[in-house]
Protein chains: 2
Amino acid sequence: MNLLNNELLDSFIRIQKALYSLMKEDADRAGLTVVQLKALYKIHRSPNTGLRELAASLKLTNSTMSGVVDRLVSSGLLEREISTADRRAITLKLTEDGEQKLQEATGDDSSFTKRIMEITKMDPEDKDHLLRIHQQIMTILTTKEENHS
Amino acid sequence: MNLLNNELLDSFIRIQKALYSLMKEDADRAGLTVVQLKALYKIHRSPNTGLRELAASLKLTNSTMSGVVDRLVSSGLLEREISTADRRAITLKLTEDGEQKLQEATGDDSSFTKRIMEITKMDPEDKDHLLRIHQQIMTILTTKEENHS
DNA sequence: CATAAATAGTTGGTATGCGAACTATTAACA
DNA sequence: TGTTAATAGTTCGCATACCAACTATTTATG
């Protein structure tokens, strides 16, 4: 049996890739990477956030986040300042350019936004069923195994 | 509305991460990376395969695959030879060490294998329903949008 | 208060992962 | 047959992405 060639697995991978492709379409339009777009989006919604908070919300490590932020600052899309309250911390907010890029990516032409809206309109019963089965799968995937010894 | 904080989206991301964690557990046990483990697994099942074929089956570009293979050859887990039939092509097969590492990762202790087996035993009706809804979502995600102009 | 411990970010090293440009070989065709 | 196409891999530059080690600052504790 080919473990890596499983109908269910493939289904999850396909959707994962499709979602990423849509985000990439938006990001490309604005000359951004997907993770850069996500970062701008998050900071736009929570200005003056710190690095750790941002990293946590995007499920990245601080070191990865630090690099992403650094490149966004270099490109002039992000403003990074030392927090006055805690001189170890930084505060992040978009520059004018950053706001504009974000708008380019997430505006009316956004493929991702449109499709997510479509999916939101899905039959609630189907959605509940889906989430329920996903939960079953998550339980199987994350349950600590018993010892057969 | 926070597009990146969607119940369904999060559900997919969670499962994706859980699957990856399980594979990583197996890979770590053998001192491999996840993609290295996948590569060894595929080559074990289809010895003497070429680079392009391997890249396609793992949904990676040739350039990425080339690097992964190169590091596996350097670690002595993979044998790379020039094909006698086509001198442009290479043939790949596991070394003794490679076979052993693969066994370490996918043997009886494999978390991934166990869980996939568990999932396979899922209620067929639930599984069908899941695949059907996934298909609906895929259709939404990949359908070319109509012009409202 | 002074030192230890915790916290916020950064940096260095390695491994994906991609696209583009490249080499070498084989196939196609004028 | 000889030039052009296509094909198989590799290499380069860049951006994630992780961990471990580091600096700087703040908090906790003797």
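Every chain is numbered from 1, with letters handed out A, B, ... down the list of sequences.
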N/O (side chain, A:Thr33) to phosphate O (OP1/OP2, D:dT16) under 4.0 Å: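 Answer yes for this pair, as a side-chain N or O of A:Thr33 is under 4.0 Å from OP1 or OP2.
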Main-chain N/O of A:Gln135 paired to B:Arg14 side chain as donor or acceptor, under 3.5 Å: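 No, the answer is negative, given that no donor and acceptor are paired below the 3.5 Å cut-off.
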Test item: A:Ser83 side-chain N/O and A:Ala85 main-chain N/O as donor-acceptor pair under 3.5 Å: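 Yes, the answer is positive, given that a donor and an acceptor are paired below the 3.5 Å cut-off.
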Full working for side chain to side chain contact (heavy atoms under 4.5 Å, CB included) between B:Leu9 and A:Ile119: CA-CA 10 Å; B:Leu9 230 55; A:Ile119 289 177; over 6 Å; no
Exercise: identify the closest heavy-atom pair between A:Leu37 and A:Ala105: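 Looking at all heavy atoms of both residues, the shortest contact is CD1-CB, 3.6 Å.
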Residue whose nearest DNA chain D nucleotide is more 5′ - B:Asp70 or A:Leu60: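 Per heavy-atom nearest nucleotide, the more 5' residue is B:Asp70.
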Along DNA chain D (nearest heavy atom to each residue), the more 5'-positioned of B:Arg52 and A:Arg71: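 Its nucleotide being nearer the 5' end, the pick is B:Arg52.
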Carboxylate-amine/guanidinium proximity below 4.0 Å for B:Lys121 and B:Glu118: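 Here B:Lys121 pairs with B:Glu118 in a salt bridge, since their nearest N and O are under 4.0 Å apart.
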Gap separating the CD1 atom of B:Ile116 from the CE atom of B:Met23, nearest 0.5 angstrom: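 One gets 7.5 Å once the value is rounded to the nearest 0.5 Å.
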Between OG on residue B:Ser11 and CG on residue A:Leu131, distance to nearest 0.5 Å: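 Spacing of OG (B:Ser11) from CG (A:Leu131) equals 5.0 Å.
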Sugar-phosphate only, base, or nothing, as touched by A:Val68 at under 4.0 Å among non-hydrogen atoms: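 Sugar-phosphate: the residue A:Val68, judged by heavy atoms under 4.0 Å, touches backbone atoms but no base.
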Sugar-phosphate only, base, or nothing, as touched by B:Gly50 at under 4.0 Å among non-hydrogen atoms: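 Sugar-phosphate only.
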Length of the CG-P vector between A:Asp28 and D:dT16, whole Å: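 Rounded to whole Å, this separation is 12 Å.
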Separation of D:dT10 C1' from B:Leu92 CG (nearest whole Å):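 After rounding, the gap between these two atoms is 14 Å.
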Interface with DNA chain C, restricted to residues 73-90 of chain B and to heavy atoms under 4.0 Å: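 Those residues are B:Asp86, B:Arg87, B:Arg88.
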Cluster link A:Ile15 to A:Tyr20, ILVMFWY, side chain under 4.5 Å: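 Per the 4.5 Å side-chain linkage, A:Ile15 and A:Tyr20 are co-clustered.
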A:Thr61 (side chain) and D:dC18 (base): donor-acceptor pair under 3.5 Å: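 Side chain to base: no pair below 3.5 Å.
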Under 3.5 Å on both distances, the Watson-Crick or G-U partner of D:dT23: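 When the pairing criteria are applied, C:dA8 turns out to be the nucleotide that pairs with D:dT23.
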Base partner of D:dA5, which must satisfy Watson-Crick or wobble distances under 3.5 Å: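 Across all strands, not a single nucleotide pairs with D:dA5.
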D:dA17: syn or anti, per glycosidic angle within 90° of 0: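 Anti, which is what one calls it when the glycosidic angle falls more than 90° from 0.
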Residue A:Val35, side-chain heavy atoms: nucleotide from D:dA17, D:dC19, D:dT11 that is nearest: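 Ranking D:dA17, D:dC19, D:dT11 by closest atom to the A:Val35 side chain puts D:dA17 first.
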Within 6.0 angstrom of A:Arg87 CZ, more than 12 heavy atoms from elsewhere: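 No, the 6.0 Å shell around CZ holds no more than 12 heavy atoms from other groups.
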Of A:Lys17 and A:Asn62, the one whose closest DNA chain C nucleotide lies more 5':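 Comparing both residues, the 5'-ward one is A:Asn62.
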Boundaries of the chain A footprint along DNA chain C (any atom under 4.0 Å from a heavy atom):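 Result: C:dA6 to C:dG12.
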